[in-house]
Structure formats: C-alpha cells, structure tokens
Amino acid sequence: MKYRLLYFASLADAAGRTEEAVVSDAGDPGALYAQLRERHGFRFDPARLRVAVNGALADWSQTLRDGDEVVFLPPVSGG
Amino acid sequence: MKYRLLYFASLADAAGRTEEAVVSDAGDPGALYAQLRERHGFRFDPARLRVAVNGALADWSQTLRDGDEVVFLPPVSGG
Amino acid sequence: MSAFALIGRPIDAAAERRHLDHPAAGACVTFEGWVRDHNEGRPVLRLDYQAYAALAEREGEAILSDACARFPIRAARCLHRVGRLEIGDLAVWVGVSADHRGAAFDACRWIIDEIKRRVPIWKNEHYADGESGWLHPDGSAAGAVQFPGSTLSAS
Amino acid sequence: MSAFALIGRPIDAAAERRHLDHPAAGACVTFEGWVRDHNEGRPVLRLDYQAYAALAEREGEAILSDACARFPIRAARCLHRVGRLEIGDLAVWVGVSADHRGAAFDACRWIIDEIKRRVPIWKNEHYADGESGWLHPDGSAAGAVQFPGSTLSAS
C-alpha cells in the first residue's frame, strides 16, 4: 500500500525531508514506523512518539488504508 | 488633645463627614474609637477594624500625640 | 514611576504590560478585575471606589516588594482605579513577568489576593433598584457585609 | 474566528483580550509566553516554531472546549506563533475571562499546561555559539532532550 508521510522537527532533519510517499506492506503505524526508523535512522523509541492518521491522533495498531496520511509526532515543545 | 480624623466608606456615611478635628482625652486609638463610636453610632466592633496613625498602620494601644491623624479602617473591598 | 499606583483615569493595560519586559523573562501573567453587572445575585449599574491614598500606596508598594522577595520573578506592577466606574471597566490590573510560568502565575495570584485583603480601598455598588452600599467583606464565604449608602442612611 | 489559532504574524494581545469581554465577567487572566534569551543556561539568539497545523488546530480547539467544561469561565482563547521569532517576541497568548478570579487563574494555567503538553508544535532554538536544536521534552525535570539541527546532522 501507498502512504503519505509528513515529518516534523528532528524527524524531518533525520529523514532529510518534510514529506515522502512510501510504498510498504506495513498494515499499521507500529510496523510502518519500524521500517522507516531503519531507513532513516530515527532515534526515538515508538513509546516516546504519538501517531496521527489523516489529521487525527490514532493507535499504533490501527489498520492503515491505502492513501492514508501518517505522521509520527516527536515530543512537542510549543508554548 | 486634638486629633484629625479621616472617615472612609460606611464610616464616612455614618459620621456624615469625611474628616473632622476632635478634641479628646483619649490616649490611644482604642479609647478614641469608643468615644467616636458612641457619638456617630458606628456599627463596627473594633475587632473588625484596623487603625492607621499618620498614614501608617498602628496598634490600638499605641500612645497618641497631639495633632496625630487617625483613621479607622473598615474591612476593605478593593480589587 | 512606582510599581503600584491609584489612578483616576482609564488604565492603559498595554502600556503597563510593556513595563514588565525583560530579556530573561519567558512568562508574563496579568490579572484584570472588571466591573461586573451583578454581585451576590443583585444587578449592579455602576460603582465608586474610594481609597485612603497615602496608606493604599504604601501598602500596595509593600505587597509588590514582598512578591519580588517571595517568588522568582523579574517584575511586578499594579494599578487600581478610584472614582466612578461603569460595567465592564477595568478596575484593577496586576502584571508579573518571570523566567518560568509557575512563578508568574503564583505571584500574580498572590498579589491580587493581598491587594483585596489589605489595601485600604472600598467599593460602593449602585444597584438597579436605586439602592447603593459600601462593601465590607467579613471574611465569611458570603464575602461581604453590605452597608446602605448615604442616600439610605439619611432616611 | 475560532478560539485557537496558529499565526504567522505578531499577535495583537490587546485585540485578542477584547474578545473575552462579558458583562458578567469580573476577572480576566492572561498568559504570555515570550522568547527568552537563554535556555538551560545556553544563550539563545532566536528560534523557529514549526507546527503540524491541521492537528494543532484541532487539539488547541479541544483544549479550549475542555477548559470551558471543566471551569466556570465565560470565554477562553489562545494564539500561538509559527515561524521565526526573536528574543522578547510574544510566542503564545492565552486569555480567560470568568465571573471570579479563582476559575480564571486555574483555567488559564491549565490551558497553557495542556498546550505545552500535547499540541503538535516544535521549537528550534538557535544558540549564540552557532548551533541549533529541536527541543523534544522527555518529561524529566531537565525538561528537554535536545536534538542537533539539520546543519549539524549533515556533518
């Protein structure tokens, strides 16, 4: 399936891009992050991240569908 | 001795004036208030008031001197 | 200009706020007290504030100095209106800047609590039914014992 | 206009404050977060805020709605800057009006705590020594794990 990834903050720095289209057999955010972590060398354990699918917070085990926008959120520092 | 009294809020209403010169044999604010309470019908027990002498908070038993400015402060309601 | 002041004209909150600027400050908390249209269930039309100015300014300055000693803050200011105010008017303004927000919140709240507790300022509320009364809080939960104003006590 | 917004230009705090007016409100508490000249002992020159806008606005609105349900308040608003900011710039503004000051203080503090805890906005600090780094707080007392920025990671 094909997913659209957005990257922010240090994840964007590590990936060297702010977005990318990914073709993957990962069926949920947990599996997808494991693949992308290996590809881009992300330093965060998933326990320190949140994940959003199509603009809403989601579970790591939520079933992904073709075309979903997936965003891994590192710890925030607004305010 | 002669004292200058300033009255605020409901004490001014009860006294019908905002200040007055008083000749009295009262030697401290406690005795002076007892006299003025009788004259003007002030409803406050002294325990609910504070007293200031010459612009600074004072004790009820502080010795007054001729010419002192004395102010009995009802409970405040600023803010 | 001193950090506490009584003021007979409208408070310029934006101008006051600029006095709190500090390059090391990351947080600024302000409190504004507005004239409400009701108190203890009674409709209020307007009010008057009266102050014993000499002592009020001394006490106000002491509160701000105490706040700077008690809390890790950079600056603290307070202005309080006197005279006639209408519904929605800004009656009292408190501003605090600090490196971190916890101290700014704590100090701002402590200052307004102390201002209300001990600065010699009194409020006379004018009600929709034509009555008026000085508020003299008695420290109970009800908050205030109300005394009829001079209009009534003349009767 | 919605109560929470990301904004790429300077925040007009006075204009925002007027949106909180309510005739029954007697208290208004505002929080301003300013860009400090230091963090964890390092001199800071400027910073950039980046946001995942769609989710940040959704989370921000949810926080303000929650605040109105949790606290007896009349209005609550928040604006957060994105993009490049300089020392002393206003980065985030929170305002709350309420009948009584206790709820206004409590709600304002709760809102900024929640904003900092969960709204997807990230800060990149640029230091006096030329380094920069995204801040990713780890929940510890130290407050933040710092990641070198892209300039460094290219080396």
Side-chain angles (χ1 to χ4, degrees), chain C residues 11-18 20-41 43-45 47 74-75 85-113 115-116 123 125 143, chain D residues 11-18 20-41 43-45 47 74-75 85-113 115-116 123 125 143:
Chain C
I11 296 169
D12 183 346
E16 292 306 315
R17 151 62 191 76
R18 283 192 290 275
L20 302 173
D21 281 347
H22 190 287
C28 174
V29 173
T30 68
F31 170 81
E32 298 187 2
W34 299 343
V35 179
R36 289 188 298 156
D37 65 1
H38 66 287
N39 188 26
E40 309 280 326
V44 172
L45 295 182
L47 55 78
R74 295 286 177 174
L85 278 80
E86 310 289 337
I87 305 304
D89 281 353
L90 175 53
V92 57
W93 180 92
V94 179
V96 174
S97 63
D99 292 21
H100 300 290
R101 70 187 184 284
F105 274 107
D106 290 343
C108 188
R109 191 166 191 161
W110 184 84
I111 289 167
I112 185 61
D113 286 350
I115 296 285
K116 292 176 81 89
K123 180 192 300 187
E125 291 187 336
Chain D
I11 295 168
D12 182 346
E16 292 306 315
R17 152 60 192 75
R18 284 191 290 274
L20 302 173
D21 280 347
H22 190 289
C28 175
V29 173
T30 68
F31 170 81
E32 297 188 2
W34 301 342
V35 178
R36 288 188 298 156
D37 65 1
H38 66 286
N39 189 26
E40 309 279 326
V44 173
L45 294 183
L47 54 79
R74 296 285 176 176
L85 279 79
E86 311 289 338
I87 305 305
D89 281 353
L90 175 52
V92 56
W93 180 92
V94 180
V96 174
S97 63
D99 291 21
H100 300 287
R101 68 188 186 283
F105 274 107
D106 290 343
C108 187
R109 191 165 189 162
W110 184 84
I111 289 167
I112 184 61
D113 286 350
I115 297 284
K116 293 176 81 88
K123 181 191 300 186
E125 291 186 337

Colleague: Show the nearest heavy-atom pair for residues C:Leu47 and C:Glu125, with the distance to one decimal.
Modeller: CB-CA, 4.1 Å
Colleague: Looking at C:Arg17, C:His22, C:His38, which one has more heavy-atom pairs under 4.5 Å with chain D than the rest?
Modeller: C:Arg17
Colleague: Heavy-atom pairs under 4.5 Å with chain C: which of D:Gly26, D:Gly33, D:Gly88, D:Ala91 has the most?
Modeller: D:Gly26
Colleague: Using a cut-off of under 4.5 Å on heavy-atom pairs, state which of D:Ala13, D:Ala24, D:Gly102, D:Ala27 scores highest against chain C.
Modeller: D:Ala24
Colleague: May I ask you to test the C:Asp113-D:Arg101 pair for a side-chain heavy-atom distance under 4.5 Å?
Modeller: yes
Colleague: If you measure from NZ on C:Lys123 to CG on C:Leu85, what distance do you get to the nearest 0.5 Å?
Modeller: 10.0 Å
Colleague: So which residues of residues 104-112 of chain C are in contact with chain D at a heavy-atom cut-off of under 4.5 Å?
Modeller: C:Phe105, C:Asp106, C:Cys108, C:Arg109, C:Ile112
Colleague: Does the side chain of D:Val35 come within less than 4.5 Å of D:Ile87's, by heavy atoms?
Modeller: yes
Colleague: Please list, in residue-number order, every residue in residues 93-100 of chain D that has a heavy atom less than 4.5 Å from any heavy atom of chain C; write 'none' if there are none.
Modeller: D:Ser97, D:Asp99, D:His100
Colleague: Kindly indicate whether the side chain of D:Leu90, heavy atoms from C-beta on, has any atom under 4.5 Å from the side chain of D:Trp34.
Modeller: yes
